[in-house]
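Down below is the structure, laid out as structure tokens.
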Amino acid sequence: MESEPLAVEYANTLYAVRGDLREGLDTAAALTAWLREHAVADLDAADLAPFVALRDAVRDLARAVVTDQPAPREALETLNASAARAPRWPTLHADGQVVERTAAAPDQAALATLARAAVDLFAGPDRALLRACGGPGCVLFFVKRPPRREWCSASCGNRARVGRYYRRHHAAED
């Protein structure tokens with residue numbers, strides 16, 4: 001299965017295990033590993049607070065999109081402030097390659113990259129395909145590709161199908 005857009009992967013760093021919320025960015029080491037794994041930045045350490053605040057804002061905005069509600073003002077302010085932390089510009093090399101540059105510190109550039117990915121998600125064509133997983137106890141988001149997709153993962157789909165089966169067959173017994 002194709003991975004989700006960066007902003008969705010970032011939003012999904014808050015997840016549930018058996019209905020209990022888990023924080024995927026609970027330490028600076030976890031944040032550093034996540035940023036490296038997703039090729040956002042190669043940092044030694046970064047202040048967690050602005051990254052968690054941005055992630056929570058992205059989740060609030062995603063929730064507003066999937067429930068067709070207005071975007072929360074505070075979430076928009078956090079997203080836009082994070083995006084503004086690292087202005088970037090393209091540079092053209094002699095071989096025709098374009099490289100993005102910034103004068104910002106690496107942690108600020110990483111935060112701005114994540115915010116930019118969220119802006120692109122919420123302003124782009126994937127906005128209409130953004131969904132909240134309907135799996136029991138799941139709090140993840142996904143982009144509905146292919147069109148028949150209903151859950152964030154096969155395991156959430158299996159849990160939903162097993163739950164329906166259980167309710168159907170045990171309702172008949174009652």
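Computed from a predicted model, the values in this text were never measured in an experiment. Residues take their numbers from the sequence shown, with the count starting at 1.
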task: Consider only side-chain heavy atoms of I, L, V, M, F, W and Y, link residues closer than 4.5 Å, and tell whether L130 and V139 are in one cluster.
output: no

message: Test of understanding: with side chain to side chain contact (heavy atoms under 4.5 Å, CB included), list the residues that count as partners of A118, not counting sequence neighbours.
response: A7, V58, L79, F122

message: So which atom in P72 and which in A64 form the shortest heavy-atom distance, rounded to 0.1 Å?
response: CD-CB, 3.9 Å

- request: List, by chain and then residue number, the residues other than L140 in its hydrophobic cluster (Ile/Leu/Val/Met/Phe/Trp/Tyr, side-chain heavy atoms under 4.5 Å); write none if there are no others.
  value: Y15, V17

message: Tell me the closest heavy-atom pair linking F141 and A11, and the distance in Å.
response: CD1-CB, 4.4 Å

message: Please find the pair of heavy atoms, one from L21 and one from L14, that lie closest to each other, and give the distance.
response: CD2-CG, 4.3 Å

query: Looking at residues at least two apart in the chain, or sitting in another chain, which of them share a salt bridge (Lys or Arg N to Asp or Glu O under 4.0 Å) with R148?
result: none

statement: Shortest non-hydrogen pair, G24 vs A30, comes out as O-CB, 3.5 Å

With A105 via side chain to side chain contact (heavy atoms under 4.5 Å, CB included) - residues at least two apart: D107, Q108

message: Is it true that, when you exclude D68 itself, more than 12 heavy atoms of the residues, nucleotides or ligands shown sit nearer than 6.0 Å to its CG?
response: no

Show me the side-chain donor-acceptor pairs of residues 38-47 shorter than 3.5 Å, one per line, residues at least two apart or across chains.
residue	atom	partner	partner atom	Å
H38	ND1	W34	O	3.0
H38	ND1	W34	NE1	3.4
D42	OD1	R36	NE	2.4
D42	OD1	R36	NH2	3.0
D47	OD1	A49	N	3.4

All pairs passing ring pair (Phe, Tyr, Trp, His ring centres under 6.0 Å) where residues 48-106 contributes a residue, at least two apart: none

- request: Determine whether L31 and V52 fall in the same hydrophobic cluster, where Ile, Leu, Val, Met, Phe, Trp and Tyr are linked whenever their side-chain heavy atoms lie under 4.5 Å apart.
  value: yes

message: Quick check: is L114 connected to L25 through a chain of hydrophobic side chains (ILVMFWY, heavy atoms under 4.5 Å apart)?
response: yes

field: Transitive ILVMFWY side-chain link F142 to L121, under 4.5 Å
entry: no

query: Members other than V99 in its cluster, when Ile, Leu, Val, Met, Phe, Trp, Tyr link by side-chain heavy atoms under 4.5 Å?
result: none

message: Please enumerate all residues that pass side chain to side chain contact (heavy atoms under 4.5 Å, CB included) together with A71, with sequence neighbours excluded.
response: L61, L76

task: Quick one: list whatever passes side chain to side chain donor-acceptor pair (under 3.5 Å) with E77, sequence neighbours left out.
output: R73

message: If we ignore hydrogens and angles and just use 3.5 Å, is the side chain of E9 paired with the main-chain N or O of E4 as donor and acceptor?
response: yes

query: Considering residues at least two apart in sequence or located in another chain, which fulfil the side chain to side chain contact (heavy atoms under 4.5 Å, CB included) criterion with A112?
result: A86

- request: Ignoring hydrogens and angles, tell me if any N or O in the side chain of R149 forms a donor-acceptor pair with the backbone of V143 under 3.5 Å.
  value: yes

query: Quick one: side-chain hydrogen bond (donor to acceptor under 3.5 Å, both in side chains) pairs with a partner in residues 111-132, sequence neighbours left out?
result: D126-R145

message: I need the full list of side-chain hydrogen bond (donor to acceptor under 3.5 Å, both in side chains) pairs touching residues 52-64, with sequence neighbours left out, sorted by first then second residue.
response: T13-R55, E23-R55, D60-R63

